[in-house]
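Everything numeric in this text was worked out from a predicted model, so none of it was measured. Below, each value reflects all heavy atoms present in this structure, side chains not excepted, and no hydrogens, waters or symmetry copies. Within every chain, numbering begins at 1; the chains are lettered A, B, ... in the order of the sequence lines, protein sequences first and strands thereafter.
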Amino acid sequence: MLSTKPSSYLAPLHLLQLLTKTQSLKLTQQTHARVCHLGLHQNPIILTNLINAYSRSKNPLQSQILFNSIELKDACLYNTLINGYVKNNLPHECFDIFNTMCQSVDSFPDEFTFSTLAKLSGEIGDLLAGKWVHGKCVKLGFVTDTVLANSLMSMYGKCDGMQDARKLFDEMPQRTVSSWNIMLSRYVNGENCFPDSQVWEFVKCMLTEGLKPNEFTLSNLLTRSGRFDHGRELHCYIIRNEMNLDVDSGVHLDCCLIDMYSRNNKLSLARLVFDQMRFKNVYVWTAMMSGYLHNGDPQETVHLFCKMRRMSRVEPNEVSLLTLLSASSLIAGLLGVEQIHGLSVKNGFVNHTSLCNSLIDMYSKNGLLTSARKVFDHDCRSKDAVSWGCMISGCGLHGKGQEAVGLYDKMLTSGIKPDAISVVGVLSACSKSGLVEKGLDAYNKAIKVSGFEPTVEICSCVVDLLGRSGQVNEALTFIKAMRLEPGPSVWGALVSASVVHTNYETRVLAYKSLIEIEPENPSNYVSLSNLYASSRKWDFVADVRRTMKERNLRKSPGCSWVTVNSKTHSFLVADKAHPAADKIYEILNELTLVMKRP
DNA sequence: TTAGGGTTAG
């Protein structure tokens, strides 16, 4: 390399292209020095690659300094600089450079520029900016470019503009596999995704156009494979077409396969894919950790995390810590949460929104509301609906209804759109703290002001809110006026209310409704039978018991358990079998008295 | 120099 002739720029060019993969600032600087030494410091191809290498090594400022020193700037140089800012998550700078580019006399924006700006708009979820980019493309006649049209489609897909995306897709003069993949990625996931049959129909249409699925198509389909048979067929297709032989896309696909097998409860097959991989990155390790967590083995999740760091020297990212957090809180409770919190601080991930959200939730559920609030106030800098929802539910869980309502109002004023779970959070907080009016107010605001579609869970909360406060008949009126079909949780809330406020008729009605919608659940029959028995209606008791027999239903007794010093003690109702039963009931009676105290 | 895919939380 060092003996390269000054006239040749190929060697440094190849080196720079390699550097974009290594993302090393030091090597980029060394090559930059060599480029200057060889007198290539104004060569446009070398400069483009240098700017790219600096951006890839997470130094967009270096790219900008270099860019400023260039005498003649062509569109390619501008585009590379803008792209660097996109990759480094600095959206404002991109539009600033675009404006400078428009004012320059040497270069004009081209399809590459607009394609990058479309991608940027999609990534920041700015539909207005995206539409502006689209308008400019139409005006300048670039829209027939396939890659640019694909970028615009992708932007619409990310900004809730699926109708516009589809319009572009349908009107494209020529579609590539990427065009289909971009649409497919929206159809397999997200709020308005297709049902399975339509997803397959869409892929069939792609095949009839003579296009062959590639690794992107397969990974899209794998994320959707809820059915094991489909997933296995896709795995066979990957092997038959040797798609997993390429290092980059092979790792990607194996990661999807691990996830697919885990979601279908085939953990041993997921592990087989994992063990056969020669190169494993943090995504792969995390997918496997998550597989164990969701298949009920949090110990193995923690074990894999340790193996990843100690044996494979792979550094964790925010998601691996998040997965570890869920696993270790199941094993070690609060101790696990605090340790991972420490590890997150050490690794510089403490401001990551999802991680903060989990910490808030875990601290709340483990009794440390103040720690949860500290994370919420100080660490969680970019709060989303989940962050607010976790904190609101946490307050509700600790009986702090007023605080939950205050947070909910603050969330609305900060411009965060509440989702169904945060509405449930504030309603249940009000319900538990007896704040009926505030709860109803929050409900009405969500439905009437924000145009929220009530979910069954939200309706259950309203029934609970009214019922708990003694307004059992009002709760029943609410159920009758519901537009949705009332589910078990709605009638269940009415049962609780009518038990507490001893409303016999409503309780019978609620049990009967539950039997109707859950005919296989023996609990509802037993509860109804017991209720009849308590008022000596023996004929009715016999009727219910007969129906249970006819339907071959048996109720297994309810059981609770507690683990102390690794030994699990289990209890049935009115159980006196435990050696310390007398002491246990003594404490239970004391606690009951405390709970009943006004 | 432009587009599309993987692990995560309430």
Query raised in the report: Do we get A/Lys383 above A/Phe376's six-membered ring, with its NZ or CZ under 6.0 Å from the centre and within 45° of the axis?
Result: yes
Query raised in the report: Is A/Ser344 close to A/Ile340 at the side-chain level, that is, under 4.5 Å between some pair of heavy atoms?
Result: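 In contact.
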Query raised in the report: Going by atom types alone, do A/Asn317 and A/Ser320 pair a side-chain donor with an acceptor below 3.5 Å?
Result: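 Side chains of A/Asn317 and A/Ser320: pair found under 3.5 Å.
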Please classify the nucleic acid contact of [X] as base, sugar-phosphate, or nothing, using heavy-atom distances under 4.0 Å.
X	value
A/Ser354	base
A/Asp419	base
A/Ser219	base
A/Ile182	sugar-phosphate

Query - Pairs where residues 131-149 of chain A contributes a residue and the test side-chain hydrogen bond (donor to acceptor under 3.5 Å, both in side chains) is met, not counting sequence neighbours - result: A/His134-A/Tyr156
Excluding sequence neighbours, so at least two apart, what forms side-chain contact (heavy atoms from CB on, under 4.5 Å) with [X]?
X	value
A/Asn281	A/Val251, A/Phe279, A/Tyr283, A/Val284
A/Asp96	none
A/Leu334	A/Glu338, A/Tyr363, A/Asn366, A/Leu368

Among [range], which residues get a heavy atom nearer than 4.0 Å to DNA chain B?
range	value
residues 108-119 of chain A	A/Glu111, A/Phe112, A/Ser115, A/Thr116, A/Lys119
residues 150-161 of chain A	A/Asn150, A/Ser151, A/Ser154, A/Lys158
residues 73-81 of chain A	A/Cys76, A/Asn79, A/Thr80

Requested in this report: Using ring-ring contact (aromatic ring centres under 6.0 Å, His included) as the criterion, list what pairs up with A/Tyr187, not counting sequence neighbours.
Outcome: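 In terms of ring-ring contact (aromatic ring centres under 6.0 Å, His included), with neighbours along the sequence ignored, A/Tyr187 is linked to A/Phe194, A/Phe202.
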Report task. Please collect all salt bridge (charged side-chain N to carboxylate O under 4.0 Å, His left out) contacts where either partner lies in residues 108-122 of chain A, sequence neighbours excluded, each pair once. Result ->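 Counting only pairs at least two positions apart or across chains, the salt bridge (charged side-chain N to carboxylate O under 4.0 Å, His left out) contacts touching residues 108-122 of chain A are A/Lys119-A/Glu123.
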Requested in this report: Sequence neighbours left out, what passes side chain to side chain donor-acceptor pair (under 3.5 Å) with A/Ser219? Give chain and number order.
Outcome: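 For A/Ser219, no residue satisfies side chain to side chain donor-acceptor pair (under 3.5 Å) once neighbours in sequence are set aside.
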Query raised in the report: How about A/His303 and A/Tyr292: are their ring centroids closer than 6.0 Å?
Result: no
Report task. Evaluate the ring-ring contact (aromatic ring centres under 6.0 Å, His included) criterion for residues A/Phe114 and A/Phe98: first the C-alpha distance (whole Å), next the side-chain angles of each, then the deciding distance (0.1 Å), finally the verdict. Result -> CA-CA 9 Å; A/Phe114 288 113; A/Phe98 173 75; 5.8 Å; yes
Identify every side-chain donor-acceptor pair in residues 252-260 of chain A under 3.5 Å, counting partners at least two apart or on other chains, and give the distances.
unit_1	atom_1	unit_2	atom_2	d
A/Asp259	OD2	A/Arg263	NE	3.2

**Report entry** Span of DNA chain B, from the first to the last nucleotide whose atoms fall under 4.0 Å of chain A heavy atoms
**Finding:**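 The contacted stretch runs from B/dT1 to B/dG10.
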